[in-house]
Amino acid sequence: MTTALCPGSFDPPTNGHVDVIRRTAALFDTVLVSVVENPSKSPMFTTSERIDLFRASLSGVENVSYDVFEGLLVDHAIDRGVDVIVKGLRTAGDFEYELQMAQMNAGVRQVETLFIPTSPQWSFLSSTLVREVARLGGSVEELVPAPVAAALKEKLA
Ligand code: PNS
């Protein structure tokens with residue numbers, strides 16, 4: 001039984017996140033999607049709202065569960081007994097940053113990271129841009145799952 005951990009801020013979940021999680025769920029027995037709780041940030045959505053949005057967006061995917069973590073990702077990974085961290089890579093810029101974290105996490109606590117390339121149609125997408133477009137009145141319907149688009153509309157109304 002292999003479990004993959006997909007961690008992130010997911011504020012809010014995008015089509016890119018959902019795509020990476022779906023593809024990870026097809027490769028591993030179970031996937032744990034863990035939302036980081038960062039007390040120094042003021043997110044648009046609470047961690048439990050973000051998990052609810054994932055549940056609504058990934059309702060057909062049976063082998064996914066959800067969690068929240070604070071502090072070091074490797075500590076959370078070991079605590080939950082996952083086999084591997086899985087991250088989506090959009091660009092070479094992502095790779096540089098993610099490689100450093102993956103090497104740190106493998107070096108200090110022997111937790112390995114696997115990278116999965118983001119589907120090309122989502123390589124430009126980020127939660128930050130989605131929030132900005134939504135705040136400025138642009139359409140995000142093509143960028144995020146329908147429950148997220150509805151939640152953004154409600155939040156910004
Ligand atoms: O969606 P994001 O913002 O790219 O997710 C980044 C996240 C939360 C996975 C990353 O910042 C993280 O692992 N944070 C927890 C603290 C930590 O372990 N930092 C890395 C030390 S090598």
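When a ligand or atom number is given, it counts from 1 through the structure's own listing order.
Contacts between V36 and ligand 1 below 4.0 angstrom, taking non-hydrogen atoms only, involve the side chain exclusively. Contact annotation for V74 and ligand 1: no heavy atom of the residue comes within less than 4.0 Å of the ligand.
Closest to atom 18 (O) of ligand 1 by heavy atom, among N38, L73, D75, is L73. Counting heavy atoms only, S9 comes closest to atom 2 (P) of ligand 1 of the residues S34, S126, S9. Remark: among candidates L72, L5, V35, the nearest residue to atom 21 (C) of ligand 1 is L72, based on non-hydrogen atoms.
The local environment of CZ in F124 is crowded, with over 12 non-hydrogen atoms from other residues, nucleotides or ligands closer than 6.0 Å.
Counting the atoms of ligand 1 from 1 in the order shown, those under 4.0 Å from a heavy atom of M104 are 22 (S). Listed by atom number, the atoms of ligand 1 under 4.0 Å from G8 heavy atoms are 1 (O), 5 (O). Each of the following atoms of ligand 1 lies closer than 4.0 Å to a heavy atom of N105: 22 (S). Shown in contact with G71 at under 4.0 Å from a heavy atom are these atoms of ligand 1, numbered in order with element: 15 (C), 16 (C).
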So S9 and D11, side chain to side chain donor-acceptor pair (under 3.5 Å) or not? Walk me through it.
CA-CA 6 Å; S9 307; D11 185 35; over 6 Å; no
Test side chain to side chain donor-acceptor pair (under 3.5 Å) on T3 and T30; report intermediate values, then the result.
CA-CA 5 Å; T3 302; T30 58; 2.7 Å; yes
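Note: the hydrophobic cluster containing M101 does not contain L5 (ILVMFWY, side chain heavy atoms under 4.5 Å, direct or indirect links).
Contact check on D75 versus R109 returns a salt bridge, with a Lys/Arg side-chain nitrogen under 4.0 Å from an Asp/Glu carboxylate oxygen. A salt bridge links K153 with E141: the closest approach of a Lys/Arg side-chain nitrogen to an acidic carboxylate oxygen falls below 4.0 angstrom.
Closest protein heavy atom to atom 20 (C) of ligand 1: M101 SD, 3.6 Å. Among all non-hydrogen protein atoms, the one lying nearest atom 11 (O) of ligand 1 is Y97 OH, 4.4 Å.
Atom 6 (C) of ligand 1 is never approached by the protein to below 4.0 angstrom, counting heavy atoms only.
In terms of modelled atom types and a separation under 3.5 Å, the side chain of T14 and the main chain of H17 share a donor-acceptor contact.
I85 is listed as a side-chain neighbour of N105, based on a closest heavy-atom distance under 4.5 Å.
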